[in-house]
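Notes follow the structure.
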Amino acid sequence: MSNELQGRKIAILAADGVEKVELEQPRAAVETAGGQVELLSVNPGEIEARNHDLEPAGSFAVDRPVGEATVDEFDALVLPGGTVNPDKLRLDESAVAFVRDFVRSGKPVAAICHGPWTLVEADVVRDRTLTSYPSIRTDLRNAGATVVDQEVCIDGNLITSRSPKDLPAFCQAITDQFSNTPAHT
């Protein structure tokens, strides 16, 4: 077990409809590297996961609502995909504000698949280069982003990937980038 993320606390922000592997694999990568993960959502309780957007895939216990969290408590943020998940996050003012504040803080923010949709709503993609699932690339461009088609794109503090196929590269990129950020105090 590596300890490159020892002392770092990572937030994962997700809602019902989250793509199961896009939450599980980044969380496991962070924990394997010694980091602590807290799952935030729009409501307390549990969130329902999906496989391939349509098939029920169990649930995840929420540690606390995003409205009760502050950016200062965390060293990095992960936004998993699934079509419904970011759509629900985009409608929640607390979630959008948290994402906006996180990006503006300069701390790393990683988003995969449809996860960048929340970045669009937070108005933090203008003049940035990102990748995403093909169906939301027009939304990213319309919000002022430059879109590339590659498994991982890193632009400053934003780390993005296209789909679950990119999870190995995405997980490596987040542990690398998160380890380069000083742990919060």
Side-chain angles (χ1 to χ4, degrees), residues 9-33 35-71 73-103 108-122 124-125 130-140 151 158-171 173-175 178:
K9 189 172 179 183
I10 312 305
I12 296 179
L13 177 58
D16 286 332
V18 66
E19 187 70 24
K20 183 179 183 179
V21 295
E22 293 175 6
L23 192 156
E24 281 183 333
Q25 289 186 26
R27 177 167 66 184
V30 167
E31 290 174 343
T32 298
Q36 178 187 351
V37 174
E38 187 167 337
L39 178 58
L40 306 175
S41 191
V42 295
N43 295 308
E46 294 185 338
I47 56 173
E48 297 297 320
R50 294 286 181 265
N51 285 329
H52 313 290
D53 273 331
L54 301 173
E55 303 160 19
S59 62
F60 293 99
V62 171
D63 292 307
R64 65 181 156 143
V66 65
E68 297 176 6
T70 65
V71 172
E73 299 174 69
F74 300 96
D75 300 299
L77 172 64
V78 176
L79 299 169
T83 308
V84 173
N85 163 47
D87 199 50
K88 288 187 177 292
L89 293 177
R90 294 187 311 164
L91 294 173
D92 185 272
E93 290 181 29
S94 296
V96 172
F98 186 77
V99 170
R100 180 183 307 112
D101 293 347
F102 224 103
V103 173
V109 176
I112 187 167
C113 204
H114 287 77
W117 246 351
T118 311
L119 298 172
V120 168
E121 192 66 31
V124 294
V125 301
L130 297 92
T131 193
S132 71
Y133 195 75
S135 66
I136 70 165
R137 291 180 184 165
T138 297
D139 296 337
L140 289 168
E151 64 181 359
L158 293 181
I159 307 147
T160 52
S161 281
R162 301 171 297 197
S163 74
K165 292 177 188 173
D166 298 328
L167 276 165
F170 181 71
C171 290
I174 65 172
T175 56
F178 294 177

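Since this is a predicted model, take the numbers as computed values, not measurements. By convention here, the first residue in the shown sequence is residue 1.
- Pairs passing the salt bridge (charged side-chain N to carboxylate O under 4.0 Å, His left out) check and including a residue from residues 80-89, sequence neighbours excluded, read D87-R90.
- Applying the side chain to side chain contact (heavy atoms under 4.5 Å, CB included) test between F98 and each of L89, L40, V103 identifies L40 as the sole match.
- A donor-acceptor pair under 3.5 Å is formed between the side chain of D16 and the backbone N or O of E48.
- Side-chain contact between V18 and E22: absent, with no pair of heavy atoms (C-beta onward) separated by less than 4.5 Å.
- Rounding to the nearest 0.5 angstrom, the gap separating the CG atom in L77 from the CG atom in D101 is 11.0 Å.
- Rounding to the nearest 0.5 Å gives a distance of 5.5 Å between SG of C171 and CD of Q25.
- E19 contributes a side-chain N or O that, together with a main-chain N or O of D53, makes up a donor-acceptor pair within less than 3.5 Å.
- Proximity of a side-chain donor or acceptor of D92 to a complementary backbone N or O of A95 within less than 3.5 Å is detected.
- A distance-only check finds no donor-acceptor pair linking the side chain of E121 to the backbone of V96 [under 3.5 Å].
- The line from CG of D139 to CG of L119 is 12.0 Å long, rounded to the nearest 0.5 Å.
- With D75 contributing its side chain and K9 its backbone, the two residues share a donor-acceptor pair below 3.5 Å.
- By the neighbour-count criterion of 12 heavy atoms within 6.0 Å, atom CD of E55 is densely surrounded, having more than that number from other residues, nucleotides or ligands.
- I159 contributes atom CD1, which lies 13.5 Å from atom OG1 of T131 (distance to the nearest 0.5 angstrom).
- Not one N or O on the side chain of N51 forms a donor-acceptor pair closer than 3.5 Å with the backbone of A57.
- At least one donor-acceptor pair closer than 3.5 Å links the side chain of N85 to the backbone N or O of A15.
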Acceptor/donor pairs from residues 58-68 side chains to any protein atom, 3.5 angstrom cut, sequence neighbours excluded:
unit_1 : atom_1 : unit_2 : atom_2 : d
S59    : OG     : E46    : OE1    : 3.1
D63    : OD2    : L39    : N      : 2.6
R64    : NE     : E38    : OE2    : 2.3
R64    : NH1    : E68    : O      : 3.0
R64    : NH1    : E73    : OE1    : 3.3
R64    : NH2    : E38    : OE2    : 3.3
R64    : NH2    : E73    : OE1    : 2.3
R64    : NH2    : E73    : OE2    : 3.4

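- No side-chain donor-acceptor contact under 3.5 Å links R162 to the backbone of S132.
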